[in-house]
Protein chains: 2
Amino acid sequence: MVNTEVKPISVIIIEDFKLTRVGLRCALNANDDIDVVAEAEDAVEGLKYIERYKPDVILMDLGLPGMNGIEAMVKCKEMNFDSKIIALTSHDRSEEVISALSSGASAYCMKDIDPNKLADVVRDVSKGVCWLDPVVAQMTLNALPKIENIGILPGKSNLDGRVPLTEREFEVLKHLVSGKSNTEIAKELIVSVHTAKAHVCSILQKMCVNDRVQAAVKAVKEGIV
Amino acid sequence: MVNTEVKPISVIIIEDFKLTRVGLRCALNANDDIDVVAEAEDAVEGLKYIERYKPDVILMDLGLPGMNGIEAMVKCKEMNFDSKIIALTSHDRSEEVISALSSGASAYCMKDIDPNKLADVVRDVSKGVCWLDPVVAQMTLNALPKIENIGILPGKSNLDGRVPLTEREFEVLKHLVSGKSNTEIAKELIVSVHTAKAHVCSILQKMCVNDRVQAAVKAVKEGIV
DNA sequence: GAATAAATTGCCCTAATGGCTAATAGATTA
DNA sequence: TAATCTATTAGCCATTAGGGCAATTTATTC
């Protein structure tokens, strides 16, 4: 899978260790379809280059001195170029992974990645693919909201014995999750408080929970709102 | 990146359209390091083959008749083999993507993928990589819990003006999210109800919300619990 | 037409919640 | 040492929540 376009993929490397930086550059420049246009050893310098070159792909070390990689990514996204970011790191803390991905990274690589593989990742990412290193993939997928409750969505097939919510109840649930009181929900739906309460009660029963907090948390965790 | 191991990657294809099935098999079998060991046209048949062959990788169509791909994946995971699953589909509904990934898929491919690329994905996935098609990557990343609130976690740097929770408050927050009442929280922490209430009140203020439901939802959405 | 389900409203009751002020003891910090 | 922060306790009070029971209207299905 080699990029046969006339235009090579432009890459900027942001990494504080010179040795790693050189290694990355060599590994990538060995490919005709990839062109490392700049290197930076800290985030501030890196952001300058990004603004100047608007690269296709940014290789960003997360453990930078001063402004760290996550902050740099946020700033980078604010600049609104469509550069894709590959987060590079040497550790696999769950919090950092999620932070990186939700801050705009398209890939998460450990630094011990095979250099040839890295070129593949650069190509993938430049096309918009999301690529996650094996050791972090599972923890990331685990952080996704669980959708076990297809059966509770209105109009959906009822897999297990769970009673599905009606359309109206689902509507109430959404307001409930947004933190509205029964009174507010009633106003929103232009019904009496009694009605709102009745709906909430049946929601609690159908969702097998004791109070609205549990209902809200369950709804959010399972991504049904 | 060709697998040079002696043992090729074993693959099972589960796909109802015969034409697509043949296409997949040809595309993959063209690679020496990949071996399509079985094909099935529905989930039940597929699960039998999976049990028999315990393949490295399963190519699973999501739009199967009868038991759909998601259900099949759940059953497959219950069998506890470490087969990796590639979800294949022709559409990109957000709900389906998240469902698939949280049900155990390691990759999500559109059916119009380049056959050569698919072989790469099979290799990646067999090593544990998570690979997401460009069109679905962004929506998946958006579904990740936002960690904007480093400032609210106890002991973390306070980026913006937000007051961080104390350790104790954080402890209370976790109980709150699990749906416990003030009384229950008090019992859990072996303090009076007044104390629990006091903590909840300061949590509400620090999180800038009006009630415990909003606090719980915010906590879950931002992944700080 | 009859049966069923959903949406609506009402009332009763007890318990829980959240806002408010205020006090005390311990730990940490300036 | 003084100041600050935290955890703890307390009481008061208006509002809210949730359970239970019952009734009406509307829509849909058999």
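Below, read A as the first sequence line, B as the second, and so on, with proteins coming before strands; counting in each chain starts at 1. Values below: all heavy atoms of this structure, side chains included; hydrogens, waters and symmetry mates excluded.
Close to D/dA17, at under 4.0 Å from its OP1 or OP2, lies no side-chain N or O of B/Arg212. For D/dA17, the OP1/OP2 oxygens have a side-chain nitrogen or oxygen of A/Asn182 closer than 4.0 Å.
Rounded to whole angstrom, the span from the NZ atom of A/Lys197 across to the P atom of C/dC11 amounts to 12 Å. Atom CD in B/Gln205 sits about 17 Å away from atom P in C/dT17, given to the nearest Å. Atoms CD (B/Glu167) and P (C/dT28) sit 14 Å apart, rounded to a whole Å. D/dT25 atom C1' lies 14 Å from atom CZ of A/Arg168, rounded to whole Å. Atom CG in A/Asp211 sits roughly 16 Å away from atom C1' in C/dT14 (whole-Å rounding). Across the protein-nucleic acid pair, B/Gln214 atom CD and C/dG18 atom P stand 10 Å apart, rounded to whole Å. For the pair B/Leu189 CG and D/dA7 C1', the computed distance is 11 Å after rounding to whole Å. The separation between B/Glu184 atom CD and C/dA15 atom C1' is 12 Å, rounded to whole Å.
Scanning both residues, A/Glu45 and A/Glu39, for their nearest heavy atoms gives OE2-O, 4.0 Å.
In this structure, A/Ser83 contributes its side chain and A/Pro55 its backbone to a donor-acceptor pair below 3.5 Å. B/Glu169 contributes a side-chain N or O that, together with a main-chain N or O of B/Thr166, makes up a donor-acceptor pair within less than 3.5 Å. In this structure a side-chain-to-backbone donor-acceptor pair under 3.5 Å is present from B/Glu184 to B/Ser181.
B/Ser181 comes within 4.0 angstrom of sugar-phosphate atoms only, judged by non-hydrogen atoms across all strands, and of no base. If you check every strand for non-hydrogen atoms under 4.0 Å, A/Ser192 touches sugar and phosphate atoms only.
Across D/dT6, C/dA6, D/dT9, the shortest atom-to-atom separation from the side chain of A/Thr166 is found for C/dA6. The side chain of B/Val191 sits closest to D/dT8 out of D/dT8, C/dT8, D/dG19. Among the nucleotides D/dT9, C/dG19, D/dG19, the one closest to any side-chain atom of B/Ala198 is D/dT9. Across C/dT8, C/dG19, D/dA7, the shortest atom-to-atom separation from the side chain of A/His199 is found for C/dT8. The listed nucleotides are D/dG18, C/dG18, C/dT8; the one nearest the side chain of A/Leu204 is D/dG18.
Surrounding NZ of A/Lys54 are more than 12 heavy atoms belonging to other residues, nucleotides or ligands, all under 6.0 Å away.
If you find the closest nucleotide of DNA chain C to A/His194 and to B/Lys180, the one lying nearer the 5' end belongs to A/His194.
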